[in-house]
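Structure first, commentary second.
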Amino acid sequence: MPIIVFASSKGGAGKSTSACLLANALANTGANVTVIDADPNRPLTRWASHAKLPDNLKVVTNKDESTILAEIKESAANSEFVIVDLEGVASVTVSYAISRANLVVIPVQGSHLDAVEAAKAVRLVRNQEEAFERKIPFAILFTRTSPAIRGRTLASIEQNFKEAGYPVFTTQLLEREAYKAIFSCGKTLYQLTSSHSSNIDKAVHNSEQFALESIRIVRGLPVEHPDSLGQGQHDEPNVAEVA
Amino acid sequence: MADEKRLNPIADILANEVEELRHGKGQPQFDNDDFPSADKVKAVGERVGFVSRDSVAVKQDETQVAVEVRKPYRWTTGRNRTTTIRASDETINLFDKVATKLKLQKGVVLERALAAFIRETGVDVDD
């Protein structure tokens, strides 16, 4: 089953949060999911140590670059989905993980600094594709975007990516209090209640849109716009161009 | 939870997609034996700046070479003793003036003055 890798050489782009959300959404379908925490800061290991995770969701900690390939191989043998959260640097560990990926998710916040680092990750993916004659599906994921407005910088970056031929998720992970509450409260997204955060249903919907799109990319299926997936309950922003 | 799922049909679509993947429909085919070796992956990554971040132990020999590059610089004159000489004010003032004028330490002036005196008088001091 698929190995989905979250990569960006910039810290704070949203790798751990988006990896955690994908793991939550997939585990909620009943799938057996292993998350490999390969970030030296161990954000998901810490989260897992406080959270009461369901039996089908496991977080393992990778030691260093010498162990990542074996860790991926072992997890892939024992899980239906393997999700790898990488460190925010350009390292050999990132190269190794990407070489085994069925999908590389490259999170980007709406800033040029994030975009530059995302381009580095894309360059690595394409170099590996060329060197090893293996297609590695990847896509840019915009994170922490506003539910209400769409800034010009974000629109400009998105346009640049499209012109460069970078696939971009139609779903954007919005700025949601519930996503922060997962870590601050030590819960899965599905364990949160209204006492922890507001708009949990919208956060669930948004993260499941992202998960669905990820699975369709892995399966090589056309991705439909989130508007056409499900009915009602859309968390699509009321798009307005602002300075 | 069942009510929530009815409100969020995308959860059902996602579950169906996972189920289809589980049963091999569109499942990615991969075999660990087909993957490139770690060395090849590392080489490709390094070409685009993805390098090793692990610390590397330095060999002991290299450390010793680094330490022995240069010793601290020390310069000694050997003039480390004192003596008291009774003399007139004029002689002491003259001694100070000569040392100041020549920009020499007084010990050096004394050495040169004695050498000149020996040359001038021819006195034998090597007994």
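Order of the sequence lines sets the chain letters (A, B, ...), proteins ahead of strands, with each chain counted from 1.
Listed by chain and residue number, nothing satisfies the salt bridge (charged side-chain N to carboxylate O under 4.0 Å, His left out) test with Glu46(B) (two or more places apart in sequence, or in another chain).
For Asn127(A) against Arg47(B), the heavy-atom pair with the smallest separation is OD1-NH2, 4.2 Å. Residues Gly45(B) and Ser95(A) come closest through the heavy atom pair CA-OG, 3.4 Å. Scanning all heavy atoms of the two residues, the minimum distance from Val18(B) to Ala31(A) falls at CG1-CB, 3.9 Å. In terms of heavy-atom proximity, Ala25(A) sits nearest to Leu14(B) at O-CD2, 3.9 Å.
In this structure, Glu17(B) and Leu221(A) have side chains that are in contact, with non-hydrogen atoms separated by less than 4.5 Å. A heavy-atom distance below 4.5 Å is not found between the side chains of Val48(B) and Lys120(A). The closest side-chain heavy-atom distance from Phe50(B) to Thr93(A) is not below 4.5 Å. Using a 4.5 Å heavy-atom threshold, the side chains of Leu69(A) and Phe35(B) count as separate. Within the 4.5 Å cutoff, no side-chain heavy atoms of Glu208(A) are placed close to those of Ile13(B).
The contact between Phe132(A) and chain B is made entirely by side chain atoms (from C-beta outward), counting heavy-atom distances below 4.5 Å. Looking at Ala131(A), the atoms closer than 4.5 Å to chain B (heavy atoms on both sides) all sit in the side chain, from C-beta outward. Proximity to chain B (any heavy atom under 4.5 Å) is shown, for Leu124(A), by both the backbone and the side chain. Heavy-atom distances place no part of Leu103(A) under 4.5 Å from chain B, backbone and side chain included. Contact annotation for Glu65(A): both backbone and side-chain heavy atoms come within less than 4.5 Å of a heavy atom of chain B.
For the atom pair CG (Asn16(B)) and CD1 (Ile215(A)), the distance works out to 12.5 Å, reported to the nearest 0.5 Å. The distance from atom CG of Leu26(A) to atom CG of Leu21(B), rounded to the nearest 0.5 Å, is 9.5 Å.
Other residues, nucleotides and ligands place more than 12 heavy atoms under 6.0 Å from the CZ atom of Arg79(B).
Interface check for chain A: of the options Ala38(B), Ala43(B), Gly49(B), the most heavy-atom pairs under 4.5 Å are formed by Ala38(B).
Proximity to chain B at a heavy-atom threshold of 4.5 Å picks out nothing from residues 34-42 of chain A.
Judged by distance alone, the side chain of Arg53(B) and the main-chain N or O of Ala90(A) form a donor-acceptor pair under 3.5 Å.
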